[in-house]
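Since we're looking at a predicted model, the values are computed, not measured.
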Amino acid sequence: MDFDRNNDANIRQAAFNWLRQQSDLHEEVLPRKILAQGFEFGGQRVRLVSPQGIFKPAIMQAPLSITTSPRGPYGDHFGPDSLLRYSYRGTNPEHPDNRGLRFAMLNNLPLVYFHGIVPSMYMSLWPVYIVGDSPEELTFTVAVDDAVSSRKSEDLDNYVDEQVHLRRRYVTTQARHRLHQRVFRERVLEAYKNQCALCRLRHAELLDAAHIIPDADELGEPEVPNGISLCRLHHAAFDRFFLAIRPDFIIEVRSDILQEEDGPTLRHAIQGIHGQSMLLPARKSLHPAAAHLEQRYARFTELAELANLS
């Protein structure tokens, strides 16, 4: 059967439009059950995912999406060039799923990449393109592109047009950073059961994953022990050293802040938590790293002394 490029493009664009709507509704992180239900196109149901990572809906002739599951068996990862290395299905380069991605590469077809953040929750990136195939390493190389620019250059040869290559590498780097931040947030909030570690506020929409050591620092890894789930108020207070968490997990408010007289927010939300213990994740391995807390507390002590001198 001949490949119907126009029909394929229409389905992909419908998928991208649907994903944009769903991402807006769910603040980028989509439940798997929604992706598995998909949307209707021409009277047929188009699902976005299936149990296998490389997925081709029945209505299509080529794959529509690739998925990295959280804690999955494959070693999908970003390479030193910032591009994604996506693992083959199995070890046979001629497996139908692998042939499908090779077909997508040769025909410059845009796909969706779903990255599992926590079980059953995925962040989606699109359009992504297969830009390399390495049978000896059993991986495909994947680049993210800007949707508007991609449509303008979709007929160009990825391997010859340097402008397309540089743009996709830049966009992929930016997407990787956004993914990195979202993964960190969701995993930290999951560890703290969607509560602020200082005031126990449970509205996830008002919670952040605060870095103990800033992510710009070489020690600021995006791991749960370098994060604390905080509401927006306490995140701001933590970042500005109004308060700190000691290595024994006790909250300490700066002495000059304790002496201030203000309204009920300062009195109850900041001064009122001085000396209390923070909420900790159930698993000890996810507790804030002692070395990180010590480093941050030392900085807090320095700033507190300066505040008292002024």
Side-chain angles (χ1 to χ4, degrees), residues 27-29 117-118 121 177-310:
E27 296 185 341
E28 290 192 310
V29 181
I117 294 178
V118 293
M121 300 296 289
H177 180 73
R178 184 161 50 95
L179 185 63
H180 159 114
Q181 294 299 326
R182 196 70 201 212
V183 169
F184 178 67
R185 178 184 186 275
E186 295 301 320
R187 290 180 179 173
V188 168
L189 266 58
E190 179 190 43
Y192 286 84
K193 296 184 178 178
N194 289 301
Q195 298 178 69
C196 173
L198 304 192
C199 69
R200 278 51 169 185
L201 180 72
R202 292 179 178 271
H203 288 273
E205 303 91 333
L206 301 178
L207 300 179
D208 295 329
H211 288 82
I212 301 172
I213 304 300
D215 59 351
D217 190 289
E218 63 180 8
L219 297 178
E221 293 296 326
E223 304 292 340
V224 173
N226 187 41
I228 303 173
S229 176
L230 296 177
C231 68
R232 302 283 165 81
L233 173 62
H234 286 132
H235 188 182
F238 183 73
D239 280 355
R240 288 160 180 77
F241 293 96
F242 278 34
L243 56 83
I245 298 168
R246 300 194 321 229
D248 60 359
F249 307 125
I250 300 299
I251 304 162
E252 184 173 323
V253 177
R254 222 171 61 204
S255 59
D256 62 305
I257 301 295
L258 286 173
Q259 294 167 14
E260 283 188 19
E261 293 185 6
D262 203 333
T265 298
L266 179 67
R267 187 166 61 252
H268 296 292
I270 304 293
Q271 295 169 338
I273 63 174
H274 176 69
Q276 294 184 9
S277 297
M278 68 172 287
L279 173 73
L280 291 169
R283 289 170 52 194
K284 191 172 182 179
S285 63
L286 299 180
H287 288 188
H292 293 347
L293 290 178
E294 288 171 1
Q295 179 177 327
R296 178 136 194 143
Y297 185 70
R299 179 60 176 159
F300 168 80
T301 302
E302 292 174 4
L303 294 174
E305 291 175 355
L306 290 173
N308 288 330
L309 292 173
S310 62

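- Nearest heavy-atom pair, Pro247 versus Glu294, reported as atom, atom and distance to 0.1 Å: CG-CG, 3.4 Å.
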Can you list the steps and then say if Arg187 with Val118 is a side chain to side chain contact (heavy atoms under 4.5 Å, CB included)? CA-CA 7 Å; Arg187 290 180 179 173; Val118 293; 3.9 Å; yes

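- With Arg296 contributing its side chain and Ile212 its backbone, the two residues share a donor-acceptor pair below 3.5 Å.
- With hydrogens and angles ignored, the 3.5 Å screen pairs a side-chain donor or acceptor of Gln271 with a backbone N or O of Glu260.
- Of all non-hydrogen atoms in Phe241 and Arg299, the two that sit nearest each other are CZ-CG, 3.7 Å.
- The shortest heavy-atom contact between Val224 and Ala191 is CG1-CB, 3.8 Å.
- Separating the CD atom in Glu186 from the CD atom in Gln181 is a distance of 12.0 Å, to the nearest 0.5 Å.
- Contact of the Tyr192 side chain with the Met278 side chain is registered, since non-hydrogen atoms from C-beta on lie closer than 4.5 Å.
- Inter-residue side-chain proximity for Ile273 and Leu243 is flagged as met; some heavy-atom pair is nearer than 4.5 Å.
- Side-chain atoms of His287 come within 3.5 Å of backbone N or O of Pro281 as a donor-acceptor pair.
- Between Ala210 and Leu230, the shortest heavy-atom distance links the atoms CB-CD1, 3.6 Å.
- To the nearest 0.5 Å, the span separating CG on Asp256 from CZ on Phe242 amounts to 8.0 Å.
- The aromatic rings of His211 and Phe184 sit parallel to each other, their planes meeting at less than 30°, with 60° as the upper class boundary.
- When atom types are taken as modelled, the side chain of Ser229 and the backbone of Gln195 share a donor-acceptor pair closer than 3.5 angstrom.
- Between the side chain of Asn226 and the backbone N or O of His292 there is no donor-acceptor pair closer than 3.5 Å.
- Atoms OG1 and CZ, on Thr301 and Arg246 in that order, are 10.0 Å from each other to the nearest 0.5 Å.
- Side-chain contact between Arg202 and Asn194: absent, with no pair of heavy atoms (C-beta onward) separated by less than 4.5 Å.
- Here the CD1-CZ distance, from Ile270 to Arg254, works out to 11.0 Å after rounding to the nearest 0.5 Å.
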Side chain to side chain contact (heavy atoms under 4.5 Å, CB included) assessment of Lys193 paired with Arg200: CA-CA 10 Å; Lys193 296 184 178 178; Arg200 278 51 169 185; over 6 Å; no

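- A 4.5 Å side-chain heavy-atom check between Met121 and Glu190 finds every atom pair outside the cut-off.
- The structure places CD of Glu305 at 9.5 Å from OG of Ser255, a figure rounded to the nearest 0.5 Å.
- Closest heavy-atom contact between Ala209 and Val188: CB-CB, 3.8 Å.
- Residues Leu233 and Leu201 have side chains not in contact (no heavy-atom distance under 4.5 Å, counting atoms from C-beta outward).
- The two atoms that bring Leu293 and Pro288 nearest to each other are CD1-CB, 3.8 Å, heavy atoms only.
- With rounding to the nearest 0.5 angstrom, the CD1 atom of Ile228 is 9.0 Å from the CG atom of Leu280.
- For the pair Leu198 and Ile245, the minimum side-chain heavy-atom distance is below 4.5 Å.
- The closest donor-acceptor contact from the side chain of Arg185 to the backbone of Leu207 lies under 3.5 Å.
- Look at Arg232 and Asp208 and you find a salt bridge, because one of the NZ, NE, NH1 or NH2 atoms lies within 4.0 Å of a carboxylate O, short of that distance.
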